[in-house]
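So you know, we letter chains A, B, ... as the sequences are listed, proteins then strands, and number each from 1. Quantities reported herein were computed from a predicted structural model and do not represent experimental measurements.
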2 protein chains.
Amino acid sequence: MWIRLLGVTRAAEGELREFLRVEHGTTLPRFDVMAALYRRRDGVTMSELSRMLLVSNGNATTVVDRLEADGLVRRTPSETDRRTVFVALTPEGLAQFEGLAAGHEAQVARMFGGLSEADLDALTEILKRMGAA
Amino acid sequence: MWIRLLGVTRAAEGELREFLRVEHGTTLPRFDVMAALYRRRDGVTMSELSRMLLVSNGNATTVVDRLEADGLVRRTPSETDRRTVFVALTPEGLAQFEGLAAGHEAQVARMFGGLSEADLDALTEILKRMGAA
DNA sequence: CCCGAAAATTTCAAACTTGAAATTGTTTGC
DNA sequence: GCAAACAATTTCAAGTTTGAAATTTTCGGG
């Protein structure tokens with residue numbers, strides 16, 4: 001059961017990874033970061049980012065470093081707390097992400113395609129209860 | 001929805017990773033390999049192994065290399081096809097894995113603890129249909 | 001005020017992961 | 001037979017990931 005759950009998500013991640021690589025020359029972790037920044041358009045701190053993606057702080061730093069070097073993301077120091085930094089998509093990053101998002105959406109839709117409305121509700125409920133455990 | 005699914009599996013992987021590290025000084029990929037070899041006690045080829053775990057061939061090689069160096073796993077060349085190699089747990093590997101398995105089982109049980117029999121059936125059915133897509 | 005605890009981020013070494021290329025071996029069509 | 005396609009594994013460079021340690025900054029209680 002757990003094995004099967006893991007199998008489904010890994011297979012899906014693999015497909016997404018391939019899509020990003022072949023069609024857009026990018027990678028899954030970069031996509032994840034950009035997706036998080038897309039959902040929080042006005043910027044997030046590094047800590048928030050790593051909490052959102054469930055990755056370590058160090059990891060967030062490296063991926064953001066690379067995205068920043070490519071001009072897709074911008075770091076802005078906080079005015080009120082000199083420890084914190086805000087990260088946000090640049091216009092270039094926003095444009096690139098919107099290009100990726102459509103393809104990703106289509107993949108996810110295909111993945112859930114065989115499911116009825118009731119199935120989706122049931123799955124939502126189950127995952128909610130598992131998350132609580 | 002897809003986000004939530006990913007969130008649940010990542011959180012669970014994180015817990016398992018921590019359990020393996022703190023309680024047993026090992027890592028998730030090593031555990032995965034050993035679990036696969038435990039289920040196929042008489043040995044698998046490298047290709048089978050990477051297919052089972054949905055990881056690349058090169059990845060399987062490195063993890064097996066390390067497990068072999070630690071004496072937990074053994075490589076045996078095939079007699080009939082000199083390209084292929086069989087990998088299997090050593091007695092030490094088997095013993096160590098059995099030590100890990102109980103704790104892992106408990107974690108998985110806790111994770112699915114809030115779910116009824118009907119929920120589990122529904123989840124199985126849904127995942128099966130998603131895997132087919 | 002000031003010292004120590006706590007917080008945010010980065011740095012670092014080690015491990016993991018990928019995909020492509022290289023190596024070695026097998027098979028198949030001619 | 002033999003050359004070309006195919007298959008199994010390893011090697012390799014680049015990128016990802018982790019967790020711990022280091023750095024810098026803030027904050028709260030004497």
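Closest to the Arg21(B) side chain, of the nucleotides dT17(C), dA8(C), dG19(D), is dG19(D). Side-chain proximity of Met46(A) to dC16(C), dT9(C), dG19(D): nearest is dT9(C). Among the nucleotides dC16(C), dT10(D), dA8(C), the one closest to the side chain of Pro29(B) is dC16(C). In the set dT16(D), dT17(D), dT18(C), dT18(C) carries the atom at the smallest distance from any side-chain atom of Arg17(A). With dA8(D), dT18(D), dG19(D) as the candidates, the nucleotide lying closest to the side chain of Val55(A) is dT18(D).
The phosphate of dT18(D) (OP1 or OP2) has no side-chain N or O of Thr27(B) nearer than 4.0 angstrom. Contact between the side-chain N/O atoms of Asn59(A) and the OP1/OP2 oxygens of dT18(D) is found at a separation under 4.0 Å.
As rounded to whole Å, 10 Å separates atom P of dT9(D) from atom CG of Leu49(B). When the C1' atom of dA14(C) is taken as reference, atom CZ of Arg30(B) falls 12 Å away, rounded to whole Å. Distance Glu13(B) CD to dT17(C) C1': 13 Å, rounded to the nearest Å. Leu54(A) places its CG atom 16 Å from the C1' atom of dT16(D), with the value rounded to the nearest Å. Put simply, CD on Glu18(B) is 13 Å from C1' on dA20(D), counting in whole angstrom units. Taking atom CG of Asp32(B) as the reference point, atom C1' of dC16(C) lies 12 Å away to the nearest angstrom. Whole-Å rounding puts the Arg10(A) CZ to dC16(C) C1' distance at 12 Å. The nearest whole Å value for the distance from the CG atom in Leu53(B) to the P atom in dT17(C) is 9 Å.
Remark: side-chain polar atoms of Thr26(B) are not paired, donor with acceptor, to backbone N or O of Leu20(B) under 3.5 angstrom.
Take the nearest nucleotide of DNA chain D for Glu48(B) and for Thr62(A): the residue whose nucleotide is more 5' is Glu48(B). Annotation: of the two residues near DNA chain C, Leu28(B) and Gly14(A), the 5′-most nearest-nucleotide partner is Leu28(B).
When the side chains of ILVMFWY residues are joined at heavy-atom separations under 4.5 Å, either directly or via intervening members, Leu54(B) and Met111(A) end up in two distinct hydrophobic clusters. Hydrophobic clustering of Ile, Leu, Val, Met, Phe, Trp and Tyr side chains at less than 4.5 Å, counting indirect connections, unites Leu16(B) with Leu37(B).
The residue Thr45(B) sits close only to the backbone: its heavy atoms come under 4.0 Å of sugar-phosphate atoms, none of a base. Using a 4.0 Å heavy-atom cutoff across all strands shown, Ser47(A) reaches sugar-phosphate atoms only and no base atom. At a threshold of 4.0 angstrom between heavy atoms, the contacts of Thr61(B) include nucleobase atoms, whether or not backbone atoms are also involved. Across all strands shown, Arg51(A) has no heavy atoms under 4.0 Å from either base or sugar-phosphate atoms.
Aromatic ring pairs are classed by plane angle as parallel below 30°, tilted from 30° to 60° and perpendicular above 60°; the pair Phe97(B) and Tyr38(B) is tilted.
End-to-end axis angle of the helix from dC1(C)-dG30(D) to dC30(C)-dG1(D), using five pairs per end and rounding to 10°, comes to 10°.
Taking Glu18(B) as the reference, nothing meets the salt bridge (Lys or Arg N to Asp or Glu O under 4.0 Å) condition, with sequence neighbours excluded.
Note: His104(A) and Phe31(A) meet the aromatic proximity criterion, with ring centroids under 6.0 Å apart.
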**Request:** Start with the C-alpha gap between Thr124(A) and Leu127(A), add the side-chain angles, then the distance that decides, and say whether side-chain contact (heavy atoms from CB on, under 4.5 Å) holds.
**Result:** CA-CA 5 Å; Thr124(A) 302; Leu127(A) 290 178; over 6 Å; no

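Within residues 65-85 of chain B, the residues that place at least one heavy atom under 4.0 Å from DNA chain D are, in residue-number order, Arg75(B), Arg83(B), Thr84(B), Val85(B).
In terms of heavy-atom proximity, Ala36(A) sits nearest to Leu53(A) at CB-CD2, 4.0 Å.
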